[in-house]
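Remarks on the structure that follows.
Both ligands and their constituent atoms are indexed starting at 1 by order of listing. Keep in mind it's a predicted model, so treat the numbers as computed, not measured.
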Amino acid sequence: PYSSADKGWLRYEKRQDAPCLSRIVRHSSASGEAVESAVRELRYAILQMTGDEPELTTTANLSDTAHRPYIQLAMVSAEDLPEALQTKELSQQLGEEGFALRSLPQEEGESVYIIGKTEKGLLYGTFHLLRLLQSEGQTLTQLDVIENPRNPLRMMNHWDNMDGSIERGYAGRSIFFKDNQFVQNDGRIRDYARMMASIGINGISINNVNVHKVETKLITSEFLPDVAKVAGIFRAYGIKLFLSVNYASPIQLGGLETADPLDERVGAWWKTKTEEIYKVIPDFGGFVVKADSEHRPGPFTYGRTHADGSNMLAEALEPYGGIVIWRCFVYNCLQDWRDRTTDRARAAYDHFKPLDGQFKDNVILQIKNGPMDFQVREGVSPLLGAMPNTNQILEFQITQEYTGQQRHLCYLIPQWKEILDFDTYAKGAKSEIKKVVSGELYPYSHSGISAVINVGDDDNWTGHTLAQANLYGYGRLTWNPDLSEQQITSEWIHQTFGNDPDVVEHVSSMLAASWGIYESYTSPLGVGWMVNPEHHYGPNVDGYEYSVWGTYHFADCDGIGVNRTVKNGTGYTGQYFPENAERYESLVTCPDKLLLFFHHVPYTHKLHSGSTVIQHIYDTHFAGVEGVENLIQQWSSLEGKIDAKRYAGVMARLEHQHKHAKEWRDIINTYFYRKSGIADEQNRTIY
Ligand code: GCW
C-alpha cells in the first residue's frame, strides 16, 4: 500500500512467527482514523514478517474462537477487558499519548494487548510493538510495557520552499512542493507520516521559516485546500500540521500599510485569517515565526517587543487551541569585525531574558541548542532554563548544515544527549535541559523539542543512508531523553539492517565514532565557522572572519579563540548560572573541547590533555583522516552482508568523505603552521 521509496526503518524484514500474529482484534472501543492507521500498519508488517496476511476481526466476533491468540487494540476505558490487564490502574498511569503492551495467556499461546487512553496511544503502542518484534532477542511473552512521552511537543520543522528547493537540504527536493504548487502524488507524504508516527512525532511545520513571497500565500484560499489535504494525511498519524508565517502578512496579503502588533487592524486581520484557517483545518497546530532575524520582518520595525508581536498572534490562535512557536534566533547580522563589544552568542539571551513572564500561555519560545548556530561544537544556550515564566522548546538541527551535509558521516545522537543532559543549575543541581524542555522544571503550559529535518525526495530520504539514524534517533530521544545512545543505535540498526552481529557491531562503532571524527578535522577546541561562506561546505579558515555575520575565531600570529569572559571579554559567560559561569570563565576549569569558544589563547597554551593548542590542531587533523580510513575499513568488511544498493551508496559517500577530510586536514594545518610558525612535533607533512 505504500510508495516504492526506501523503507527506512519500517522494513519488517526480520522473520517472526509468534502465534498471536495470526489475528488482529479491534476492540469496539478502538475506532478512528489513527486506529485505522495502526491496524493497517500491523497487517502490513505482519504480512512482511510472517508471509501470511493476519485475520482481522472485532471483539464482537471473538467469543467462539477466543482460545486462539491474537493482538488486540483496546481503549483503557473499555469496561469488558480481562481483569488481568488491570485497566483501572493503567488508566491512572497512562497519559494522553501513552500506551501499555501486555500479554495475556490463552489456551493456545499468549495474546498481546495494545492499550491506550486515546487513538494516538494505540498508534504509538502499535509502532512500539513492531519495534520490539524487530529488536534483538525479543519475544512477545510476558510483555509488560508502559510508556508515556516525556516531551509534550515533539516537532519537525521543514525548511522547504514551494519551488521545491530546501534551504539547507541535502537529500533532494521537497516531498511537499514542486514548481510553486503542492505535489499531487502524495505516496511519499503518507510514508513520511508513518515514519514520523513510528518515532512519536506529533507536530510538523511544512514550510521554511524564511517565508518568501509564494509561501506567504499558504494561508490564503489559493493554497489552504492543499494544506488541508496534507493536514488530513498527518491527522491519520496523530500529527498536527503547523505553518511558518510571514510576520508582514497583513501588509503583503491584507493590504494594510503596517504590521504593528499594537495596531488594532493588524490584530483583527490575523483573527479573521486564523478563523479562515481553522474552518478548513480544525486541528491546525499553529504558527512558527522567524521575526526580526536575518532580514525577516518583525515587531522591531514598529518599536515593539517580541512579546508584543507573539502575543498578538497568540490571541488570534487562542480560541482554537493553537500555539505560536516564536524563534529566538535574533541577532545583529550586520556586524563589523572591529567591534569587539558585540557578541552574537549573547544575542538570544539579551533579547529574550528581560521579557520573561510577558508572553501569553500559548506562546512558546524556540531556542537553538547553542547560542551561535548549530556548530559542530559550541556551548549550550544559556537561555534554556533562564525563563521560569515563559514556555520554551529546544531546537536541534538534524539536517547536517555544519556537520558534513549528509556526505560526511556524523551521528548526532551523542551531541544531542550531551545537550539534553547539560545541567543548567537553574534550580540547583539536576536542572538539566531535558527537564527544562519537558516541562518538569517549571510548570510550562507547552514545551518540548523541535528540529530542522534532514529529509528530501531522494530515494533513501536522507541522502546518506546512515543519516537516517539521526532522524530515527531524534524521534526516540524526544520521546524519551533518557534512552541511551547504545539503545537507540541498536534499535535502528536491527530495524534497518537486520541482526547480523558483524553488521550490528561495525555500524554501531562507525556511528559512535563519527561525530568525534568530524569534529577532529573541522573544528578544533570548539572554534567553529572555518567553512566556506553561504553554502557552508568545506574548509575556509577565514571564510567568515571579516564578514558581517558575527562569526569569528580571531586567529592571528599569536593566538586564537573568542574571549567571552566577564573579566575582559564579551561577558557572555555571565549569562550562565554561577556554577557554569565560573567553570567557563576560568582557564583552569574550562573544558578543552570548548576552550576556543570561551577564550583567546596563545598557540602554545597548554591543554588539560597535556598537549598545546597548536599541537592539538595538528594531531587531531591527522587523526581525523585516519578515523575516516577506519570507517571505510569497517564498512568494507560488511560487503555482501548489506544489500548492494545501500552498501555502494554509503561506500561512495565514505570515499568522498575521505578525500574531503584530507582537504580539511591540509588546509587547516597549513594555515595554522604559517600563522604560528610552530612546527609539528612529529614532522608530518604540512603543505
Ligand atoms: O544557520 C542559519 C542558516 C539559515 C537558516 C537560519 C535559521 C532558515 O544558515 O539557512 O535560515 O540559520 O535558523 O533561521
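Remark: ligand 1 atoms within the under-4.0 Å shell around heavy atoms of F329 are 6 (C), 7 (C), 12 (O), 13 (O), 14 (O). Per-residue contacts place E401 under 4.0 angstrom from the following atoms of ligand 1 (heavy atoms of the residue considered): 1 (O), 3 (C), 9 (O). Taking every non-hydrogen atom of H536 and a distance limit under 4.0 Å, the qualifying atoms of ligand 1 come out as 9 (O). Close approach to K290 involves these atoms of ligand 1, each under 4.0 Å from a residue heavy atom: 6 (C), 7 (C), 8 (C), 11 (O), 14 (O).
The protein non-hydrogen atom at the shortest distance from atom 1 (O) of ligand 1 is D373 OD2, 2.1 Å. What sits closest to atom 12 (O) of ligand 1 on the protein, heavy atoms only, is K368 NZ, 3.1 Å. In this structure, the protein non-hydrogen atom closest to atom 10 (O) of ligand 1 is E167 OE2, 2.5 Å.
In terms of the side chain to side chain donor-acceptor pair (under 3.5 Å) criterion, residue partners of Y544 (sequence neighbours excluded) are, by chain and number, H536.
Residue R327 holds the heavy atom nearest to atom 13 (O) of ligand 1 of all those in E294, E395, Q366, R327. When V452, N210, V330 are ranked by how near their heavy atoms come to atom 8 (C) of ligand 1, first place goes to N210.
By the criterion of a heavy-atom distance under 4.0 Å, the side chain of W159, and not its backbone, is placed next to ligand 1. Of all the heavy atoms of V209, the ones lying under 4.0 Å from any atom of ligand 1 belong exclusively to the side chain.
Y584 and F598 have parallel rings, their planes meeting at less than 30° on a 0 to 90° scale where 60° marks the start of perpendicular.
A distance of 10.0 Å separates CG in L525 from SG in C590, rounded to the nearest 0.5 Å. With values rounded to the nearest 0.5 angstrom, S523 atom OG is found 10.5 Å from E378 atom CD.
Considering backbone and side-chain atoms alike, N208 places every N or O at 3.5 Å or more from each N or O of ligand 1.
Here the side chain of R173 pairs no donor or acceptor atom with the backbone of I166 at under 3.5 angstrom.
In summary, R304 and D260 engage in a salt bridge, as defined by a charged side-chain N under 4.0 Å from a carboxylate O.
N460 and T465 are linked by a side-chain donor-acceptor pair at a separation below 3.5 angstrom, with hydrogens and angles left out of the test.
For residues 524-550, no pair satisfies salt bridge (charged side-chain N to carboxylate O under 4.0 Å, His left out), with sequence neighbours left out.
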